[in-house]
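The next block holds one structure in the form of structure tokens; read it before the comments.
Atoms within a ligand are numbered from 1 in the order they appear, just like the ligands themselves. The first residue of the sequence shown is numbered 1, and numbering continues consecutively from there.
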Amino acid sequence: MHKKLFIPGPVDVREDVLLKMATPQIGHRTKDASALQRGISEKIRKLMYTENEILLSTSSGSGLMEGAVRSCTRKRAAVFSVGAFGDRWYKMAIANNVPADIFKSELGQPTTPEMVEEALATGKYDLITITHNETSTGIMNPVDEIAEVVKKYPEVVFCLDTVSSLGGTKIEVDKLGVDICITSTQKCLGLPAGMAICSFSEKARKAAEQVEHRGLYFDLLELYKYIQDKDYQYPSTPSLAHMFALDYQLENIVAEGFENRFARHLEMAKLTREWANKHFEMLAEEKYASNTLTTIRNTREISVSDLNKELGKRGYMISNGYGKLKDVTFRIAHMADTQIDELKTLLSVIEEILGL
Ligand SMILES: *Cc1c(COP(=O)(O)O)cnc(C)c1O
């Protein structure tokens with residue numbers, strides 16, 4: 001039996017979107033491939049509220065995260081971490097021999113604008129990475145306030161991980177001054193995993209030009225140049241199956257309306273928070289709670305794996321905690337094409353199983 005996924009990626013994918021992956025292949029050096037890829041970039045530009053170029057990568061989001069920190073750090077990167085994915089970005093920098101420092105918040109706490117100000121004021125850094133929505137803790141960072149600080153440092157390339165938020169909440173790339181905004185297909189966009197997307201600003205491009213060893217497959221400058229020279233084609237063979245489905249799904253997202261989609265996510269988040277506060281506790285403070293998933297403290301010390309077994313019999317799946325939070329929290333994702341009524345049903349099924 002298919003289990004409806006309420007895990008923070010991969011998400012449940014609509015049947016019609018899945019079927020688009022079975023579109024017959026086309027040559028990746030054809031005009032049709034150019035048109036497909038150009039069309040996707042134009043739609044993503046709207047969803048990211050940016051005029052910047054869009055790069056598509058046949059990889060998961062981690063590929064572009066690694067590419068960003070490696071391709072665009074000239075001096076030293078300041079990596080801000082509010083959990084597992086920020087920590088991973090730091091590891092990527094170190095593994096690529098990119099000088100970097102990590103600034104960690106306590107689990108469940110956000111990155112504050114003060115932390116960013118203090119680090120950037122040292123003048124040591126020319127690239128900063130921020131996790132917009134931390135999928136382990138269910139924290140959404142105060143990115144508007146952080147962006148105000150970053151704007152005071154025009155030499156700093158601003159990288160933002162929106163892997164678990166883009167398409168589920170409004171992220172205005174140009175207004176925030178984000179240079180590289182990164183996302184994956186398998187979260188709020190509602191597609192299978194296997195493609196990653198980022199915006200790439202002029203500032204990021206100029207920074208990359210000064211970096212000698214940018215790697216190759218994830219060299220963002222190489223991707224950028226290639227799509228300029230070759231009319232939106234890519235150096236390697238992309239996953240055309242994803243391209244067909246992504247193009248189609250972006251049309252669905254436009255048809256739903258961006259504002260409607262963001263409002264649906266917020267409403268689902270509010271419902272889940274209310275439910276969590278009634279029966280358990282939230283890990284995040286209300287102010288920083290994510291709109292796309294909720295991390296719940298396991299205050300009743302339930303067995304999450306037993307709960308998931310019972311949910312599985314009924315056709316649902318939620319997520320245990322991540323990393324250090326594995327046993328003390330569990331997570332309910334409310335993203336992509338999940339509808340409000342489906343979430344309500346899930347919550348009542350959990351109540352029934354737990355006898356709440
Ligand atoms: C899932 C996730 C990632 C990793 O993305 P992949 O597509 O799995 O490589 C990075 N950051 C955040 C916030 C995530 O939720």
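Using cut-offs of 30° and 60° on the angle between ring planes, the pair Phe85 and Tyr322 is tilted.
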Begin with the C-alpha distance, continue with both residues' side-chain angles, and end with the deciding distance and a verdict on salt bridge (Lys or Arg N to Asp or Glu O under 4.0 Å) for Arg314 and Glu310. CA-CA 7 Å; Arg314 294 160 176 82; Glu310 288 304 314; 3.0 Å; yes
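Screening Lys203, Arg74, Lys75 for a salt bridge (charged side-chain N to carboxylate O under 4.0 Å, His left out) involving Asp126 leaves a single residue, Arg74.
A cation-pi arrangement, defined by a distance under 6.0 Å to the six-membered ring centre and an angle within 45 degrees of its axis, is present between Lys20 and Tyr248.
Centroid-to-centroid, the aromatic rings of Phe330 and Phe280 come within less than 6.0 Å.
Annotation: ligand 1 has protein neighbours Ser60, Gly61, Ser62, Met65, Phe85, Asn133, Thr135, Asp161, Val163, Ser164, Ser184, Gln186, Lys187, each with a heavy atom less than 4.0 angstrom from the ligand.
Here Phe6 pairs with nothing under the ring pair (Phe, Tyr, Trp, His ring centres under 6.0 Å) rule; sequence neighbours left out.
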